[in-house]
Amino acid sequence: MTTDVTTTDVTISDRAARRIGEILKGEGTGAMLRISVEGGGCSGFQYKFDIDRDRTDDDLVIEQESAVVLVDSASQPFLAGSQVDFVDDLIGASFRVNNPNATASCGCGTSFSI
């Protein structure tokens, strides 16, 4: 069974936390995963995943196991209530954002509309 840590309505699944921790371990000291929402993609908005070493005062910080995830203040309303998961299936391995705010999404799962 997977348990999640809730922080301001954004959760990271245990699978995602383990994978993020593995990625950050290879990036060296101070590395964090930044998740943001940007305009673009085939559905209007898209998720962006970056390695970052700088945390701002208005970042949402989610810490679970060895994973540290940052969400900037502009992206927080778009991600409210979302769960970040890591899926490894026949199509491939990827992070997936299960976003209740999305009214439509593209087939690749990285683009959505509200």
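Because the structure is predicted, anything quoted here is derived from the model rather than measured.
- A side-chain donor-acceptor contact under 3.5 Å links Asp14 and Gln64.
- Taking CD1 of Ile62 as the start and CD1 of Ile35 as the end, the distance is 6.5 Å to the nearest 0.5 Å.
- No side-chain heavy atom of Asn99 sits less than 4.5 Å from a side-chain heavy atom of Phe45.
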Test Phe95 against Ile20 for side chain to side chain contact (heavy atoms under 4.5 Å, CB included), laying out the working first. CA-CA 9 Å; Phe95 288 104; Ile20 293 166; 3.6 Å; yes

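- Taken from CD in Glu38 to CZ in Phe78, the straight-line distance is 11.5 Å, to the nearest 0.5 Å.
- Ser36 meets the side chain to side chain donor-acceptor pair (under 3.5 Å) test with no other residue; sequence neighbours excluded.
- Each of Asp59, Ile51, Val68 was compared with Arg34 under the side chain to side chain contact (heavy atoms under 4.5 Å, CB included) criterion, and only Asp59 meets it.
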Take Ile23 and Leu33 through the test side chain to side chain contact (heavy atoms under 4.5 Å, CB included) and record every step on the way to the result. CA-CA 9 Å; Ile23 292 168; Leu33 179 69; over 6 Å; no

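- Of the candidates Arg18, Arg15, Arg96, Arg15 is the only one forming a salt bridge (charged side-chain N to carboxylate O under 4.0 Å, His left out) with Asp85.
- Inter-residue side-chain proximity for Arg55 and Val61 is flagged as met; some heavy-atom pair is nearer than 4.5 Å.
- Nearest approach of Ser66 to Gly21, heavy atoms of both residues: OG-CA, 3.3 Å.
- Taking both residues in full, the closest heavy atoms of Ala17 and Ala67 are given as O-CB, 3.5 Å, listed atom of the first, atom of the second, then distance.
- Not a single salt bridge (Lys or Arg N to Asp or Glu O under 4.0 Å) links Asp54 to another residue, sequence neighbours left out.
- Using a distance-only test at 3.5 Å, with no hydrogens or angles considered, no donor-acceptor pair links the side chain of Asp50 to the main chain of Asp52.
- At distances below 3.5 Å, at least one donor-acceptor pair connects side-chain atoms of Gln76 with backbone N or O atoms of Val71.
- In this structure, CG in Leu70 is found 7.5 Å from OG1 in Thr56, a value given to the nearest 0.5 Å.
- The two atoms that bring Gln83 and Ser13 nearest to each other are NE2-CB, 3.8 Å, heavy atoms only.
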May I have the step-by-step check of side chain to side chain contact (heavy atoms under 4.5 Å, CB included) for Leu60 and Val10, ending in yes or no? CA-CA 9 Å; Leu60 168 64; Val10 177; 3.9 Å; yes

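- Here Glu65 contributes atom CD and Glu22 contributes atom CD; the two are 10.0 Å apart, rounded to the nearest 0.5 Å.
- Pairing each heavy atom of Ala93 with each of Phe86, the nearest pair is CB-CZ, 3.6 Å.
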Given the rule in the side chain to side chain contact (heavy atoms under 4.5 Å, CB included) test, do Val84 and Tyr47 qualify, once you have shown the distances and angles that lead to the verdict? CA-CA 11 Å; Val84 179; Tyr47 302 111; over 6 Å; no

Distance-only donor-acceptor hits, side chain of residues 24-32, under 3.5 Å, sequence neighbours excluded:
none

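- When all heavy atoms of Pro77 and Ser73 are compared, the pair lying nearest together is CD-O, 3.3 Å.
- At a threshold of 4.5 Å between side-chain heavy atoms, the hydrophobic network of Ile, Leu, Val, Met, Phe, Trp and Tyr places Phe49 and Val69 in one connected group.
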